Amino acid sequence: MFKFSKAAPALLACAFAVHAHATGGFRDREDPAVTREWNTLAEGVIPTSAGPTLPRTYAMMHIAMFDAVNSIEGGYNAYRIRIPATRFASSEAAAAQAAHDVLVALWPANTAQFDTALNNRLATIHPVRAQYGTQVGKEVAKKILEWRTNDGWATPQTYTPPALPGLWQPTPPANAPAAFVQAGDAKPFALPTPYFYLPRRPPALNSQEYADAVNEIKAIGSLNSAVRTDEQTLSARLWASAGYKTNWGGAWNQVARFMTLRNNLSLIESARLFALVNVAMQDGVQTAQASKFVYQVWRPVTAIQRAGEDMNAGTEADPAWMPLLTTPPYPSYSGNMACIGASAARAFQLYFGTNDILVSAQWDSTDGINSVVRSFPGFWQMAEHQAASREYGGIHFHFDTTASQEVCPRVANYVYTNFMRPRFD
């Protein structure tokens with residue numbers, strides 16, 4: 001850990017006085033736009049293929065930014081670490097350096113882009129303040145990276161299910177083996193374990209609830225559904241990033257960027273919001289992903305094609321049935337998208353004290369020609385839109401959705417209650 005010279009504050013004060021005389025002074029507020037800038041940079045490099053680990057980069061980066069800023073400005077309990085810092089250090093520089101170092105470690109191919117962004121940001125800050133701020137950012141980023149090294153997400157595991165009715169099997173067209181099996185063993189960011197909020201058991205194969213769910217998806221989620229509307233089809237494609245480069249993590253972080261601007265949040269307030277939302281999404285999606293390998297429920301495509309094996313008189317097999325969307329390679333229950341939206345929406349509700357704020361998300365097409373914007377009267381309505389998209393796409397049952405919407409707001413509650421709390425000392 002680095003240490004500051006006892007003479008540093010006096011020397012800094014002298015340097016600031018000289019600079020203030022020459023330039024007319026410094027801005028009296030650290031620029032909170034640094035959080036939006038680096039959030040946007042992260043959005044540009046995280047691929048949709050990251051799947052349930054997509055928020056991991058955001059969470060690591062924004063925890064590092066928050067802890068770096070909080071080390072200088074104070075006011076909150078640290079998320080992970082608080083290091084000694086002089087009050088003359090630039091918290092803006094600290095945030096930029098922390099974000100830079102995390103992204104370089106995780107996405108080294110984009111180092112030049114991150115270096116340019118950091119240098120441009122530091123050029124707007126007094127060099128002495130920037131120097132002390134970047135020292136803080138470097139130290140915090142190092143600690144956060146060490147904390148998440150060997151957290152289990154980079155260690156793939158295998159899963160071979162028995163070929164029994166109701167249990168997941170590889171799905172067409174690729175029939176790929178199960179992915180992200182390690183969710184049950186990976187270390188969460190906030191929750192004690194991935195099973196802390198395990199969803200209730202899914203309905204039995206021979207139940208009416210199960211039959212109703214299968215028949216609903218059979219109708220609305222099929223590749224050539226006669227009952228799905230054009231808007232519902234578009235919704236499925238948007239949230240699946242089918243033809244669109246914007247992914248679900250980017251959509252929710254757009255909302256976070258908007259909310260920091262709308263509410264004129266300070267740097268530390270902005271850093272706290274970004275960390276809260278992204279940790280809630282990461283631990284939320286891990287909660288759902290881990291539950292999939294507890295319950296091992298087969299996907300709609302398998303359930304419908306093999307309905308003759310489910311011992312349920314209310315279902316009928318269609319061996320040729322295919323969904324609108326390509327089915328992800330892991331079990332169905334509970335729903336990841338529903339959990340992500342429920343966790344994010346609850347995090348925003350907790351932070352701002354209300355759900356009823358008009359928000360929007362924009363999806364840009366992969367060819368860069370078109371964009372689609374959808375507006376929602378509140379955070380939960382955006383989450384509902386996200387969750388329903390998977391049913392329209394034919395890859396989730398309705399009971400997958402309701403299970404996640406029951407437990408995943410609790411993930412956000414846990415993060416909000418236990419991390420980055422205000423200090424009153």
Side-chain angles (χ1 to χ4, degrees), residues 35-36 39 43 52 54-56 58-59 62 188-191 196-197 199 235-236 238-241 246-263 265 269-270 272-289 291 334-363 372-393 396 398-420:
T35 58
R36 297 187 291 273
N39 180 271
E43 181 182 346
L54 195 154
R56 183 173 180 268
Y58 287 114
H62 284 298
F189 278 77
L191 297 181
F196 197 67
Y197 294 118
S235 170
L238 291 176
W239 286 105
S241 300
T246 306
N247 57 47
W248 50 264
W252 280 107
N253 276 284
Q254 287 178 34
V255 175
R257 295 195 294 267
F258 165 74
M259 293 301 294
T260 64
L261 280 168
R262 175 188 181 274
N263 294 278
L265 298 186
E269 290 167 344
S270 298
R272 181 171 176 250
L273 174 64
F274 278 114
L276 171 63
V277 170
N278 284 290
V279 171
M281 284 199 291
Q282 178 58 50
D283 276 14
V285 71
Q286 185 177 4
T287 294
Q289 185 70 15
S291 75
S334 61
N336 282 354
M337 283 290 186
C339 191
I340 292 159
S343 299
R346 181 58 177 159
F348 281 113
Q349 292 169 5
L350 289 166
Y351 193 98
F352 294 105
T354 182
N355 175 74
D356 301 327
I357 298 174
L358 180 66
V359 294
S360 300
Q362 176 175 308
W363 286 264
V372 176
V373 177
R374 288 293 177 266
S375 297
F376 309 95
F379 307 116
W380 190 256
Q381 287 78 8
M382 181 167 164
E384 288 274 17
H385 190 263
Q386 180 179 10
S389 73
R390 307 307 261 183
E391 297 178 39
Y392 304 149
H396 268 298
H398 185 63
F399 55 75
D400 298 340
T401 296
T402 56
S404 287
Q405 290 179 332
E406 287 174 3
V407 301
C408 295
R410 301 176 198 170
V411 176
N413 290 348
Y414 188 92
V415 180
Y416 184 81
T417 301
N418 291 282
F419 293 86
M420 304 179 290

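Any value given below was found using the heavy atoms of this structure, including those in side chains, with hydrogens, waters and symmetry copies removed. Model, not experiment: these values are computed from the prediction.
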Colleague: Give me the atom names and distance for the closest heavy-atom approach of Pro52 to Asn336.
Modeller: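 Minimum heavy-atom separation between Pro52 and Asn336: CG-ND2, 3.9 Å.
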
Colleague: What is the distance from atom CZ of Phe258 to atom OG1 of Thr260, rounded to the nearest 0.5 Å?
Modeller: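 The OG1 atom of Thr260 is 9.5 Å from CZ of Phe258, to the nearest 0.5 Å.
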
Colleague: To the nearest 0.5 Å, what is the distance between CD1 (Ile357) and CE (Met259)?
Modeller: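 Going from the CD1 atom of Ile357 to the CE atom of Met259 covers 3.5 Å.
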
Colleague: Identify the heavy atoms of Val279 and Ala59 that sit nearest to each other, and give their distance.
Modeller: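 Looking at all heavy atoms of both residues, the shortest contact is CG2-CB, 4.1 Å.
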
Colleague: Mind checking ring pair (Phe, Tyr, Trp, His ring centres under 6.0 Å) for Phe352 and listing every partner two or more places apart, or none if nothing turns up?
Modeller: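 Phe352 satisfies ring pair (Phe, Tyr, Trp, His ring centres under 6.0 Å) with no residue once adjacent residues are dropped.
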
Colleague: Please answer whether the main-chain N or O of Gly335 pairs with a side-chain N or O of Ser404 as donor and acceptor at a distance below 3.5 Å.
Modeller: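 Flag set: sc Ser404 to bb Gly335 pair under 3.5 Å.
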
Colleague: For Gln386 and Gly341, work out which heavy atoms get closest and say how close.
Modeller: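 That closest heavy-atom pairing would be OE1-CA, 3.2 Å.
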
Colleague: Sub-3.5 Å donor-acceptor pair from the side chain of Asn418 to the main-chain atoms of Tyr414, do we have one?
Modeller: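 Yes, Asn418 side chain to Tyr414 backbone: donor-acceptor pair under 3.5 Å.
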
Colleague: Is Met281 close to Val277 at the side-chain level, that is, under 4.5 Å between some pair of heavy atoms?
Modeller: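 A side-chain contact exists here, since the closest heavy-atom pair is under 4.5 Å.
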
Colleague: Does the side chain of Phe379 come within less than 4.5 Å of Thr354's, by heavy atoms?
Modeller: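 A side-chain contact is absent here, since even the closest heavy-atom pair is not under 4.5 Å.
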
Colleague: Okay, side chain of Asn253, backbone of Ala256: is any donor-acceptor separation there less than 3.5 Å?
Modeller: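 It does not hold such a pair.
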
Colleague: Is the shortest side-chain heavy-atom distance between Asn263 and Glu269 below 4.5 Å?
Modeller: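 A side-chain contact is absent here, since even the closest heavy-atom pair is not under 4.5 Å.
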
Colleague: So, does Asn247 use its side chain to make a donor-acceptor pair with the main chain of Gly249 at under 3.5 Å?
Modeller: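 Yes: the side chain of Asn247 pairs with the backbone of Gly249.
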
Colleague: Heavy atoms, side chains only, cut-off 4.5 Å: are Ile340 and Trp248 in contact?
Modeller: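 Touching, per the 4.5 Å side-chain cut-off.
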
Colleague: Nearest 0.5 angstrom please: Thr246 OG1 to Trp239 CH2, how far?
Modeller: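 Reported to 0.5 Å precision, the distance equals 10.5 Å.
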
Colleague: Testing Glu406, Glu384, His396, Glu391 one by one against Thr401 for a side chain to side chain donor-acceptor pair (under 3.5 Å), which residue passes?
Modeller: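 Passing option: Glu391.
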
Colleague: Atom CZ in Arg272, atom OG1 in Thr35: separation rounded to 0.5 Å?
Modeller: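 If I round to the nearest 0.5 Å, the distance is 14.0 Å.
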
Colleague: Please check: side-chain N/O of Ser343 versus main-chain N/O of Pro409, any donor-acceptor pairing under 3.5 Å?
Modeller: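 Looks like no, no N/O pair under 3.5 Å.
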
Colleague: Looking only at heavy atoms, which two atoms of Trp380 and Asn355 are closest? And how far apart?
Modeller: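 Nearest pair, atom of Trp380 first, then Asn355: N-OD1, 2.7 Å.
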
Colleague: Heavy-atom distance under 4.5 Å between the side chains of Gln286 and Leu191, does that happen here?
Modeller: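 Sidechains of Leu191 and Gln286: no contact.
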
Colleague: Using the ring of each side chain (for Trp, its six-membered ring), is His62 parallel, tilted or perpendicular to Phe274, with breaks at 30° and 60°?
Modeller: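 Geometry flag for Phe274 against His62: parallel rings.
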
Colleague: Any heavy-atom pair between the side chains of Leu261 and Arg36 that's under 4.5 Å?
Modeller: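 When only atoms from C-beta onward are counted, Leu261 and Arg36 do touch, with a gap below 4.5 Å.
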
Colleague: Could you walk me through whether Asn413 and Tyr197 satisfy the side chain to side chain contact (heavy atoms under 4.5 Å, CB included) test, starting with their C-alpha distance in whole Å, then the side-chain angles of each, then the deciding distance to 0.1 Å, before giving a yes or no?
Modeller: CA-CA 11 Å; Asn413 290 348; Tyr197 294 118; 5.8 Å; no

Colleague: Between atom CD of Gln289 and atom SG of Cys339, what is the distance when rounded to the nearest 0.5 Å?
Modeller: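 Output value for this atom pair is 10.5 Å.
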
Colleague: I need the minimum non-hydrogen distance between Ser375 and Leu358, along with the two atoms involved.
Modeller: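 Residues Ser375 and Leu358, closest heavy atoms: CB-CD1, 4.3 Å.
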
Colleague: Are Phe196 and Thr287 close enough, and set up right, to give a side chain to side chain contact (heavy atoms under 4.5 Å, CB included), and what steps lead you there?
Modeller: CA-CA 8 Å; Phe196 197 67; Thr287 294; over 6 Å; no

Colleague: Tell me the closest heavy-atom pair linking Val359 and Gly378, and the distance in Å.
Modeller: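 So the minimum-distance heavy-atom pair works out to CG2-O, 4.1 Å.
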
Colleague: According to side chain to side chain contact (heavy atoms under 4.5 Å, CB included), who are the partners of Ala361, at least two apart in sequence or on a separate chain?
Modeller: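 So Ala361 forms a side chain to side chain contact (heavy atoms under 4.5 Å, CB included) with Ala251, Gln254, Trp363, Met382.
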
Colleague: If you round to the nearest 0.5 Å, how far is CZ of Arg410 from CG of Asp283?
Modeller: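 Answer for the CG-CZ pair, Asp283 versus Arg410, is 15.5 Å.
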
